[in-house]
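The structure under discussion appears below in the form of structure tokens.
Per chain, numbering begins at 1; letters A, B, ... match sequence-line order. Bear in mind that the values here come from a model prediction, so they are computed numbers and not experimental data.
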Amino acid sequence: MKRTRIKNIFSEGNIGQTITICGWVRSKRESKGVAFIALNDGSTQDTLQLVVPSDSSAFNKLSGCNTGAAIRAAGLLKESLGKGQKYEVEVSDLEIFGEADSEAYPLQKKGHTLEFLREIGHLRPRTNTFGAVFRVRNVLSNAVHEFFQSRGFIWVHTPIITASDCEGAGDLFTVTSLDLEKLPAGNNGDIDFSQDFFGKRAYLTVSGQLEAEFLAMSLGDVYTFGPTFRAENSNTSRHLSEFWMIEPEMAFADINDVMQLAEDFIHSLCGMALEKCEDEIAFFEKFYKNTSINDLRSLAEKPFVRMTYTEAIKVLEKTKEKFEFPVKWGLDLQSEHERYLTDKVFKGPVIVVDYPKGIKAFYMRQNTDGKTVAAMDVLVPKVGEIIGGSQREERLELLEGRMNDMGLPLENIQWYLDLRRYGSAPHAGFGLGFERMVQYITGMSNIRDVIPCPRAPQSIKF
RNA sequence: UCCCGGGUAGCUCAGCCGGCAGAGCGAGUGGCUGUUAACCACUUUGUCGGGGGUUCGAAUCCCUCCCCGGGAGCCA
């Protein structure tokens, strides 16, 4: 079926041409002499105005053209006679693919709350808001690849099913082909996973980092971009059980290199969103007011504030601001502390580096002070932690020592330790939650509104 | 998982000191208009989240479960 995308009509605008467009009706206004249809096909933010004169054969098909109906229209592209739009199509031929009963169709030409739209996840992409979100999401996905590819990073596909359970990144979903009605009993009354599909217990990945490390220690600079699963019972506007994560890993790099990479990366994504999604960003600015073209422009250019954890604690100790949780060296920064730094003190992204080793993962490189590790978090206003990264511990003895101190078993992870035995080198990387990035750029306040099918505890509809 | 707030028409919400279930929007019909989430008039709509209890009588009070939202923790 030949059709012109509405996006292309607006960009090319060949006035006087006969064109065919397909899409879904947003609204219809009828009168005696003429009827107007606002049509959207998902390719762009704006609707195209269709004009149906009463003497056109299309006019008597209008009763089936209610909000939500899928139609094809053909006619002449003209400069609009009315205000509010540049182009319109004078329809000479109209075909209705599928009507949408106006009594039953949940989306009507009125505002709906995001909470309500979450209940109709299969229809919400037809709204202005979700059309915009998913177009921005697409542009950002592509921007991720463009950024890394242009810097010579190699995209690696780390496994979704994994056997490593000691990453400490979160609770895992078990993957099994065992009959859940008849689970084989092991020695101590627990389940005998040696009879399971892989011969041992398997999980959905919580991070591709450990695998990305061995690929970096052979290919140089790599990145992952794929789905990640966490079984934590997290009920917040910033957590999903299934989300997409981006994890670059650089060989021959230290913590400063990875901080710079993180900053360049965010700058680049903001710039790309501005360049390719101006209409969408303008829409978010107008209707939700949590993002703006000007904010993004400065985010795309302004250097991030950088400070050590120790400096951050000093800032937090000095303020008169009252916090619910204590501020003390050695304790992790709470959301309220992070928000104070990003929203009130610096009014922009902040990179905090060199955290106490007691609150960070085993694989992070120990600093010479004996107290801290080369870990960094990028904190952004409203969303909070968007990136967590570190220089990895490349010294075998120190890594083993740390694992022993933390009571982590070494036997299943000898392959990871091998990287420190054979040709070990400094390397560093970070993890970025893609949905949080989409949230940050669109200003959507709930993470469930930036992914088509959000998975969360007790929630797997659609 | 914890702390708050909420669940009443298709949607947003009022009613909650117990006594006939309401408004706006939407939708429908008619009118009018090169219209812009058009406008005007009329019409339409209920398992008051589920279950149990108190009471002559419960949307309203009590218990319980479920679901949703905000915040917190865990994290990206």
Give me the distance, rounded to whole Å, that separates [N] from [M] when you measure between the [atom1] atoms they each carry.
{"N": "B/rA58", "M": "B/rC20", "atom1": "P", "result": "12 Å"}
{"N": "B/rC61", "M": "B/rG15", "atom1": "P", "result": "12 Å"}
{"N": "B/rA14", "M": "B/rG73", "atom1": "P", "result": "30 Å"}
{"N": "B/rG71", "M": "B/rG50", "atom1": "C1'", "result": "27 Å"}
{"N": "B/rA27", "M": "B/rG70", "atom1": "C1'", "result": "32 Å"}
{"N": "B/rA9", "M": "B/rG24", "atom1": "C1'", "result": "12 Å"}
{"N": "B/rU60", "M": "B/rG53", "atom1": "P", "result": "14 Å"}
{"N": "B/rG26", "M": "B/rC39", "atom1": "C1'", "result": "16 Å"}

Quick one: [X] [atom1] to [N] [atom2], roughly how many Å, whole number?
{"X": "A/Phe325", "N": "B/rG71", "atom1": "CZ", "atom2": "P", "value": "14 Å"}
{"X": "A/His112", "N": "B/rA37", "atom1": "NE2", "atom2": "P", "value": "16 Å"}
{"X": "A/Glu103", "N": "B/rG10", "atom1": "CD", "atom2": "P", "value": "11 Å"}
{"X": "A/Asp332", "N": "B/rG73", "atom1": "CG", "atom2": "P", "value": "9 Å"}
{"X": "A/Leu50", "N": "B/rU36", "atom1": "CG", "atom2": "P", "value": "17 Å"}
{"X": "A/Arg339", "N": "B/rA72", "atom1": "CZ", "atom2": "C1'", "value": "10 Å"}
{"X": "A/Gln458", "N": "B/rC65", "atom1": "CD", "atom2": "C1'", "value": "13 Å"}
{"X": "A/Lys32", "N": "B/rG34", "atom1": "NZ", "atom2": "P", "value": "11 Å"}

Verify the contact: side-chain N or O of [X] to OP1 or OP2 of [N], cut-off strictly under 4.0 Å; return yes or no.
{"X": "A/Ser102", "N": "B/rG28", "answer": "yes"}
{"X": "A/Thr113", "N": "B/rU12", "answer": "yes"}
{"X": "A/Ser237", "N": "B/rG69", "answer": "no"}
{"X": "A/Arg29", "N": "B/rU36", "answer": "no"}
{"X": "A/Lys109", "N": "B/rC25", "answer": "no"}
{"X": "A/Gln108", "N": "B/rC11", "answer": "no"}
{"X": "A/Arg118", "N": "B/rG69", "answer": "yes"}

I'd like to know if [X] reaches the base of [N] with its side chain, counting only an N/O donor and acceptor under 3.5 Å.
{"X": "A/Ser234", "N": "B/rC75", "result": "no"}
{"X": "A/Gln85", "N": "B/rU35", "result": "yes"}
{"X": "A/Glu115", "N": "B/rG70", "result": "no"}
{"X": "A/Gln49", "N": "B/rU35", "result": "yes"}

Under 4.0 Å between any heavy atoms, over every strand shown, what does [X] touch: base, sugar-phosphate, or nothing? Just pick one.
{"X": "A/Gly384", "answer": "nothing"}
{"X": "A/Gly431", "answer": "sugar-phosphate"}
{"X": "A/Ile246", "answer": "nothing"}
{"X": "A/Ile386", "answer": "sugar-phosphate"}
{"X": "A/Gln439", "answer": "nothing"}

Name the closest nucleotide to the [X] side chain, picking from [options].
{"X": "A/Arg448", "options": "B/rG69, B/rC75, B/rA37", "answer": "B/rG69"}
{"X": "A/Phe116", "options": "B/rU12, B/rC74, B/rG26", "answer": "B/rU12"}
{"X": "A/Thr236", "options": "B/rC67, B/rG73, B/rU35", "answer": "B/rG73"}
{"X": "A/Ile447", "options": "B/rA76, B/rC32, B/rA27", "answer": "B/rA76"}
{"X": "A/His239", "options": "B/rG34, B/rG28, B/rC74", "answer": "B/rC74"}
{"X": "A/Arg238", "options": "B/rG73, B/rA76, B/rG34", "answer": "B/rG73"}
{"X": "A/Asn446", "options": "B/rC74, B/rG70, B/rG73", "answer": "B/rG70"}
{"X": "A/Arg230", "options": "B/rC74, B/rA38, B/rC75", "answer": "B/rC75"}

Exercise. Starting from the 5' end of RNA chain B, give me the residue, A/Ser335 or A/Glu90, whose nearest nucleotide shows up first.
Key: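 Here A/Glu90 is the residue nearer the 5' end.
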Quiz prompt | Residue whose nearest RNA chain B nucleotide is more 5′ - A/Pro457 or A/Gln334 | solution =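 First, find each residue's nearest nucleotide; the 5'-ward one identifies A/Pro457.
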Across all strands shown, which nucleotide pairs with [N] by Watson-Crick or G-U wobble geometry, both distances under 3.5 Å?
{"N": "B/rG28", "answer": "B/rC42"}
{"N": "B/rU1", "answer": "B/rA72"}
{"N": "B/rG18", "answer": "none"}

Quiz item: Does anything in residues 334-353 of chain A pair up under ring-ring contact (aromatic ring centres under 6.0 Å, His included), and if so which pairs, sequence neighbours excluded?
Solution: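 Counting only pairs at least two positions apart or across chains, the ring-ring contact (aromatic ring centres under 6.0 Å, His included) contacts touching residues 334-353 of chain A are A/Phe323-A/His337, A/Phe323-A/Tyr340.
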Quiz item: Considering the options A/Glu394, A/Arg392, A/His427, which one meets the side chain to side chain contact (heavy atoms under 4.5 Å, CB included) requirement together with A/Met217?
Solution: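 Exactly one candidate clears the test, A/His427.
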Could you tell me whether [X] atom [atom1] has more than 12 heavy atoms of other residues or ligands within 6.0 Å of it?
{"X": "A/Lys61", "atom1": "NZ", "result": "yes"}
{"X": "A/Glu278", "atom1": "CD", "result": "no"}
{"X": "A/Glu79", "atom1": "CD", "result": "no"}
{"X": "A/Arg5", "atom1": "CZ", "result": "no"}

Practice problem: Answer yes or no: is there an ion pair linking A/Asp332 with A/Lys360, defined by an N-O contact shorter than 4.0 Å? | Solution: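 Salt bridge: no.
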Self-check item: Pair A/Glu435 + A/Arg238: basic N to acidic O under 4.0 Å
Solution: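 Between A/Arg238 and A/Glu435 there is no salt bridge, as every charged N stays at least 4.0 Å from the carboxylate O atoms.
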Practice problem: For a ring-ring contact (aromatic ring centres under 6.0 Å, His included) with A/Phe153, tell me which candidate from A/Phe148, A/Phe225, A/Phe265 qualifies. | Solution: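 When A/Phe148, A/Phe225, A/Phe265 are each tested with A/Phe153, the ring-ring contact (aromatic ring centres under 6.0 Å, His included) holds only for A/Phe148.
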Quiz item: Using centres under 5.5 Å plus planes under 30 degrees as the test, is A/Phe243 stacked with B/rA76?
Solution: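 By the stated criterion, A/Phe243 and B/rA76 stack.
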